2 protein chains.
Amino acid sequence: MVFQEERITEIGKKLHQAGMKLTPQRRATVSTLLEYQTKHLSAEELFTLIKQKEPEIGLATVYRTLDLLTELRIADRVTFEDGVARYDLRCEDHQHFHHHLLCSVCGKVEEIHEDLLVEVEQEVLHKYGFKVRDHRLTFHGICAACSKNIKQSN
Amino acid sequence: MVFQEERITEIGKKLHQAGMKLTPQRRATVSTLLEYQTKHLSAEELFTLIKQKEPEIGLATVYRTLDLLTELRIADRVTFEDGVARYDLRCEDHQHFHHHLLCSVCGKVEEIHEDLLVEVEQEVLHKYGFKVRDHRLTFHGICAACSKNIKQSN
DNA sequence: TACACAACTGACAATTTTTTTCATTTTTGA
DNA sequence: TCAAAAATGAAAAAAATTGTCAGTTGTGTA
């Protein structure tokens, strides 16, 4: 958990740069997001988990903190098919949001951290004059494991 | 509006194939979706508009119809930053969902109907074994008009 | 035609998710 | 030390969506 502490400190700095504080509630929220990276938890789910660390925290604070982190681009909000907002920490070294693979069979969400869209974004700039600063890309389909199962069962 | 009628009849056929009817309420919903294509209206917004055609319709029916159209892949649900579900008719000749350009300055949503992702999807198949069947791609950035304005004001 | 049945509907209640309000507490800087 | 600003929890409120249910409509079949 050494890396976690470093990461939290770093995020604390970003908050301070924006004139805000790393309160115990915010620390617990960030730490939980770190702990459950790639899990795409909703505000409610996070609230339940964060309360284990910081039992006094209220749901509204979790919402407020998540909004704050999203605004500062420390976290990203993403919505899959159920319509509930979910939260992901943005990777330190990536300025763009990562992509998701959503399996229609098992429902699993995989992450892709390479930036597949460099060329596409240049095309968008040339053809439409649109300057891309960020993106949301989710593929719907069948994951490797489920493809295998389908083949076997035939 | 000749094309609209054709399009509605065609969608009626799809419903029948699935064992469902093209009721007046559903017809009014589809027709409104056609009329306001590319507007990305929410269920509430559609409800207000549809009532002008079909005053007896209830909000629940609009939700039910939109769910139905989404399931039959006649329409697509998409969520932008405000978290509200919005609905787009899928283009007849496109089997994939189209893309969106969301301007952070003026808030406008443009559509891109060309499929920029063919190569990316092959890459995803090769690298991750994930068979893509559909996608959601939204670019966040600055549209051509706003870029121009920003330059001028400097 | 009559009838049975399934699809469909509107009204409204209920639920779920998110935001707002407000009184109180904490922190910070002068 | 003290005043202002920032942050918080609890609860109410708002917004979005879904479920319930009694009644209607349409369809196929005898």
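Bear in mind that the values here come from a model prediction, so they are computed numbers and not experimental data. The chains referred to below are lettered A, B, ... by the order of the sequence lines, with proteins before strands, and numbering in each begins at 1.
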Tell whether A/Arg64 reaches the base of D/dG9 with its side chain through a donor-acceptor pair below 3.5 angstrom.
-> yes
For B/Val62 and for A/Val84, find the nucleotide of DNA chain C with the closest heavy atom, then tell me which residue's nucleotide is more 5'.
->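 Per heavy-atom nearest nucleotide, the more 5' residue is B/Val62.
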Taking only the side-chain heavy atoms of [X] (C-beta and beyond), determine which of [options] contains the nearest atom.
X       : options                : result
A/Ala43 : C/dT18, D/dG19, D/dA7  : C/dT18
A/Glu44 : C/dT20, C/dT18, D/dA16 : C/dT18
B/Met20 : C/dC12, C/dT18, C/dC8  : C/dC8

Taking atom CD of A/Glu56 as the centre, does the number of heavy atoms from other residues, nucleotides or ligands within less than 6.0 Å exceed 12?
-> no
Rounded distance in Å - [atom1] ([X]) to [atom2] ([N]):
X       : N      : atom1 : atom2 : result
B/Glu54 : D/dT24 : CD    : C1'   : 14 Å
B/Arg86 : D/dA16 : CZ    : C1'   : 12 Å
A/Arg77 : C/dT18 : CZ    : C1'   : 10 Å
B/Glu56 : C/dT9  : CD    : P     : 13 Å
A/Arg26 : D/dA7  : CZ    : C1'   : 6 Å
B/Asp82 : C/dT19 : CG    : C1'   : 14 Å
B/Lys21 : C/dC8  : NZ    : P     : 5 Å
B/Glu71 : D/dT18 : CD    : P     : 11 Å

Report the residue (B/Ala85 or A/Gly58) whose heavy-atom-nearest nucleotide on DNA chain D is the more 5′ of the two.
-> A/Gly58
If you compare every side-chain N and O of [X] against the phosphate oxygens of [N] (OP1, OP2), does one of them come in below 4.0 Å?
X       : N      : result
A/Gln25 : D/dG9  : yes
A/Thr23 : C/dT26 : no
B/Tyr63 : D/dT17 : yes

A/Arg136 to A/Phe97, cation-pi by 6.0 Å centre distance and 45° axis angle = yes
B/Arg86 pairs by side-chain hydrogen bond (donor to acceptor under 3.5 Å, both in side chains) with which of B/His40, B/Glu45, B/His100?
-> B/Glu45
Counting any heavy atom closer than 4.0 Å, what does A/Ile57 reach on the DNA or RNA strands: base, sugar-phosphate only, or nothing?
->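 It contacts sugar-phosphate atoms only.
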Can you spot which of A/Ile50, A/Leu66, A/Asp88 makes a side chain to side chain contact (heavy atoms under 4.5 Å, CB included) with A/Leu33?
-> A/Leu66
Heavy-atom pair of closest approach, residues B/Asp134 and B/Val132 |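 Residues B/Asp134 and B/Val132, closest heavy atoms: O-CG1, 3.5 Å.
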